[in-house]
Amino acid sequence: MENKRKMKKTVRYIPAKTNLSDPINTGTKKLRVAAYCRVSTKEEEQLNSYEVQRKYYTEKINNEPEWELVGIFADKGITGTSVKKRDKFLQMIRMCKRNKIDLILTKSISRFARNTVDCLHYVRLLKELNVDVFFEEQGLHSIQNGSEFYITIYGSIAQSESENISANVRWGKEQSARKGNVSFHYKNFLGYRKGEDGQPEIDPDQAEIVKEIYHRFLMGDSLNKIAKYLTEKNIPTPAGKEIWQTSTIKSILKNERYKGDALLNKTYVVDCLSKKTKINCGERPQYYVEDNHPAIIDRATFGRVQEELARRSGKQKVKRVGTKTENGKYSSKYALTELLICGECGTPYRRCTWNIRGKQKIVWRCINRLDFGKKYCKNSPSMEESSLQNAIMNAIVKMAKQNADVLEVLKINIGMGIGTSNCGERNRLNLQIEIEKIESEFNSILCQITDDIQDRETNEMKLEKLIAQKRKLEKQLEECQEHEEKQERTNSRLEEISNTLSRLQYQPIEFNDQIVRQILEKVVVESKQRIRIVFVGGYEVIQEV
């Protein structure tokens with residue numbers, strides 16, 4: 001048997017190639033160094049920190065013979081909780097990806113990022129790119145082993161600090177709102193400017209635009225029509241743009257500040273990291289400040305506009321053939337589109353054009369009859385537009401000639417609609433006094449609470465009783481205020497109707513959509529020869545066609 005030859009193993013050492021871009025071992029190549037600094041607006045104002053840090057890092061890098069300055073990346077007055085708005089930071093990251101930077105100097109982890117997730121994400125990304133981040137305050141290199149543990153801890157502390165600052169800011173705003181302090185953003189707010197005393201004052205020229213918007217809306221113009229009108233008149237928007245949007249018009253019509261009040265905390269920031277703003281639907285407390293500044297629109301007019309907005313958005317829903325939804329849509333083109341109702345099925349009428357032997361004829365027809373034939377509405381007549389309009393204007397003129405009597409009936413009908421109330425000015429004042437007494441007694445009991453269990457239970461029962469009494473009185477006070485506002489709107493509407501009817505007494509006029517909208521609630525088609533006209537307030541007239 002042949003003897004096996006013993007083999008001696010040989011191990012040869014092959015050293016790793018030196019990575020010239022490694023900041024720890026660079027050989028003869030200079031280290032490409034950048035610096036990142038971020039300062040808040042407040043800090044910049046106090047210490048001019050922005051320029052100080054730029055100068056500091058420029059000198060520090062240039063004084064190192066083995067370092068080469070790539071750039072100083074600085075974001076001024078930008079949040080540290082998110083990198084989305086830090087343009088210079090993102091530019092620096094892009095240069096790292098292109099292998100232009102070996103080392104980044106920064107003051108501290110809180111300057112690099114106050115969001116733990118972002119901080120770790122970018123530190124890991126840069127580590128994969130073999131880019132070191134040196135945090136001077138902590139004396140920490142991100143590329144060293146075990147550094148991530150310390151970065152996580154310091155990053156969490158920085159994030160916690162941001163959350164505390166955010167909570168303090170929110171608390172400050174809450175206290176300011178509680179005191180009724182109202183801030184105005186004049187730059188994007190139409191109608192007001194900052195007065196010499198620092199308080200808002202009416203800008204006469206802009207106020208006329210606001211009044212025009214409210215007037216046109218109450219006269220029946222749609223939001224789109226008002227927007228087109230303002231655009232054609234070359235009137236700039238609150239933001240200084242040329243083209244008006246319907247959303248801007250609606251915002252102006254719904255903004256309580258035009259009647260001199262202010263609702264605080266309409267929106268809120270969800271958290272200091274995402275910075276997302278949400279509409280406050282009761283998640284946070286709100287404060288309503290009355291008579292905070294001069295009003296451009298009187299309360300009665302503002303209330304009528306809110307009613308009209310609600311009426312248009314809650315229009316009767318009619319399914320039409322070929323449509324996907326049943327949502328009603330307001331039309332400002334023809335008043336009768338809003339007012340003319342079928343007496344048989346209660347469906348609105350639609351304006352149609354008939355072509356008879358080459359001649360056009362305008363008629364109004366029940367939508368149910370048009371879309372479904374006699375399935376739902378068997379006897380509704382088609383009404384010729386000219387005859388219909390003449391009948392309506394004849395009824396209005398008759399009403400105008402008995403103006404005083406009509407208004408008296410309207411007052412009675414509207415008064416019945418409003419209902420009775422004991423809310424006089426004196427009663428409202430008494431309610432406010434009672435509420436103040438309860439609050440005083442409530443605070444007095446709070447100061448007397450001791451550690452004695454029996455004593456504490458007795459006081460707690462008293463407090464619960466006072467809270468219930470206060471809620472009841474506050475509800476009564478709210479009802480009084482609502483009743484007064486409704487009465488004020490009613491008086492304003494009656495005055496408007498009276499003025500309209502007075503103008504019609506002595507001058508024959510043609511059919512006018514605006515006048516019809518002002519004083520009519522609806523027109524019901526009873527038959528081909530007869531319509532029932534219902535005036536605002538419920539007063540009805542039967543008119544032959």
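In this text, all values refer to a predicted model and were calculated from it rather than measured experimentally.
- More than 12 heavy atoms of other residues, nucleotides or ligands shown are found within 6.0 angstrom of CD1 on Ile542.
- With hydrogens and angles ignored, the 3.5 Å screen pairs a side-chain donor or acceptor of Lys528 with a backbone N or O of Ser382.
- Judged as a ring-ring contact (aromatic ring centres under 6.0 Å, His included), the pairs with a partner in residues 246-265 (not counting sequence neighbours) are, in order, Phe189-Tyr258.
- Scanning all heavy atoms of the two residues, the minimum distance from Ala295 to Ile202 falls at O-CD1, 3.6 Å.
- Taking the charged nitrogens against the carboxylate oxygens, Glu308 and Arg304 have no contact shorter than 4.0 Å, which rules out a salt bridge.
- Between Arg350 atom CZ and Tyr334 atom OH the span is 13.5 Å, to the nearest 0.5 Å.
- Side chains of Val534 and Leu339 form no contact here, defined as non-hydrogen atoms less than 4.5 Å apart.
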Please assess Arg351 against Ile362 for the test side-chain contact (heavy atoms from CB on, under 4.5 Å), listing each intermediate value before the final yes or no.
-> CA-CA 7 Å; Arg351 192 174 189 265; Ile362 306 299; 3.5 Å; yes
Does the pair Leu466 and Glu464 meet the rule for a side-chain contact (heavy atoms from CB on, under 4.5 Å), with working shown?
-> CA-CA 5 Å; Leu466 288 173; Glu464 287 178 3; over 6 Å; no
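- Between the CG atom in Leu520 and the CD1 atom in Ile392 there is a gap of 7.0 Å [rounded to 0.5 Å].
- With values rounded to the nearest 0.5 angstrom, Leu264 atom CG is found 10.5 Å from Tyr288 atom OH.
- Of all the heavy atoms in Thr347 and Cys366, the pair that sits closest is CB-SG, 4.1 Å.
- Figure legend: Arg193 and Tyr186 shown without cation-pi pairing, the cationic atom not lying both under 6.0 angstrom from the six-membered ring centre and within 45 degrees of its axis.
- Contact between Ile438 and Gln469 at its shortest, heavy atoms only, is CD1-CB, 3.8 Å.
- In this structure, the side chain of Arg369 engages the main chain of Ser380 through a donor-acceptor pair within 3.5 Å.
- Across Asn368 and Cys377, no two heavy atoms sit closer than the pair CB-CB, 4.2 Å.
- A distance-only check finds no donor-acceptor pair linking the side chain of His293 to the backbone of Glu201 [under 3.5 Å].
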Pair Glu385-Trp364, side chain to side chain donor-acceptor pair (under 3.5 Å): steps then yes or no | CA-CA 6 Å; Glu385 184 175 72; Trp364 289 80; 3.1 Å; yes
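- Side-chain atoms of Ser440 never come within 3.5 Å of backbone atoms of Glu436 as a donor-acceptor pair (strictly under, hydrogens ignored).
- Counting heavy atoms from C-beta on, the side chains of Lys241 and Thr231 never come closer than 4.5 Å.
- Using a cut-off of 4.0 Å between Lys/Arg side-chain N and Asp/Glu carboxylate O, Asp203 and Lys194 are scored as not salt-bridged.
- Proximity of Tyr229 to Trp244: side-chain heavy atoms (C-beta onward) are nowhere separated by under 4.5 Å.
- Residues Asp291 and Arg299 are paired through a salt bridge, judged by an N-O separation under 4.0 Å between the basic side chain and the carboxylate.
- The distance from atom CD1 of Ile467 to atom CD of Glu474, rounded to the nearest 0.5 Å, is 10.5 Å.
- Residues Leu388 and Leu340 form a side-chain contact, since some pair of their non-hydrogen atoms from C-beta on lies under 4.5 Å apart.
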side-chain contact (heavy atoms from CB on, under 4.5 Å) between Ile213 and His215, intermediate numbers included = CA-CA 6 Å; Ile213 291 171; His215 173 72; over 6 Å; no
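- When atom types are taken as modelled, the side chain of Gln543 and the backbone of Ile533 share no donor-acceptor pair closer than 3.5 angstrom.
- Aromatic pair Phe184/Tyr192: centroids less than 6.0 angstrom apart.
- You'll find the side chain of Phe442 stays beyond 4.5 Å of the side chain of Lys462, heavy atoms only.
- The two residues Met383 and Val525 have their closest heavy-atom pair at SD-CG1, 3.8 Å.
- The shortest side-chain heavy-atom distance between Gln476 and Lys472 falls under the 4.5 Å cut-off.
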Audit row: Thr248, Leu190, side-chain contact (heavy atoms from CB on, under 4.5 Å) steps and yes/no = CA-CA 11 Å; Thr248 307; Leu190 193 69; over 6 Å; no
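- Note on Glu544 versus Arg530: no salt bridge recorded, every NZ/NE/NH1/NH2 to OD/OE distance being 4.0 Å or above.
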Begin from the C-alpha positions of Ser386 and Glu384 and carry the test side chain to side chain donor-acceptor pair (under 3.5 Å) through to its verdict.
-> CA-CA 6 Å; Ser386 57; Glu384 189 177 342; 3.3 Å; yes
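- Using a 4.0 Å cut-off between a side-chain N of Lys or Arg and a carboxylate O of Asp or Glu, Glu439 and Lys470 qualify as a salt bridge.
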Verdict with supporting geometry, Lys437 and Glu441, salt bridge (Lys or Arg N to Asp or Glu O under 4.0 Å) | CA-CA 6 Å; Lys437 285 181 180 178; Glu441 187 178 350; over 6 Å; no
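- Rounding to the nearest 0.5 angstrom, the gap separating the CG atom in Leu477 from the CD1 atom in Ile435 is 5.0 Å.
- Side-chain contact between Lys88 and Leu90: absent, with no pair of heavy atoms (C-beta onward) separated by less than 4.5 Å.
- Between Ile297 and Lys211, some side-chain heavy-atom pair lies under the 4.5 Å cut-off.
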Is there a side chain to side chain donor-acceptor pair (under 3.5 Å) between Ser387 and Asn390 once you walk through the steps?
-> CA-CA 5 Å; Ser387 301; Asn390 289 336; 5.7 Å; no
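- Listed for the Gln306 side chain is a donor-acceptor partner under 3.5 Å among the backbone atoms of Leu253.
- Among all heavy-atom pairs drawn from Glu256 and Leu263, the shortest one is OE2-N, 2.8 Å.
- Atom CG in Asn443 sits 9.5 Å away from atom CG in Leu463 (nearest 0.5 Å).
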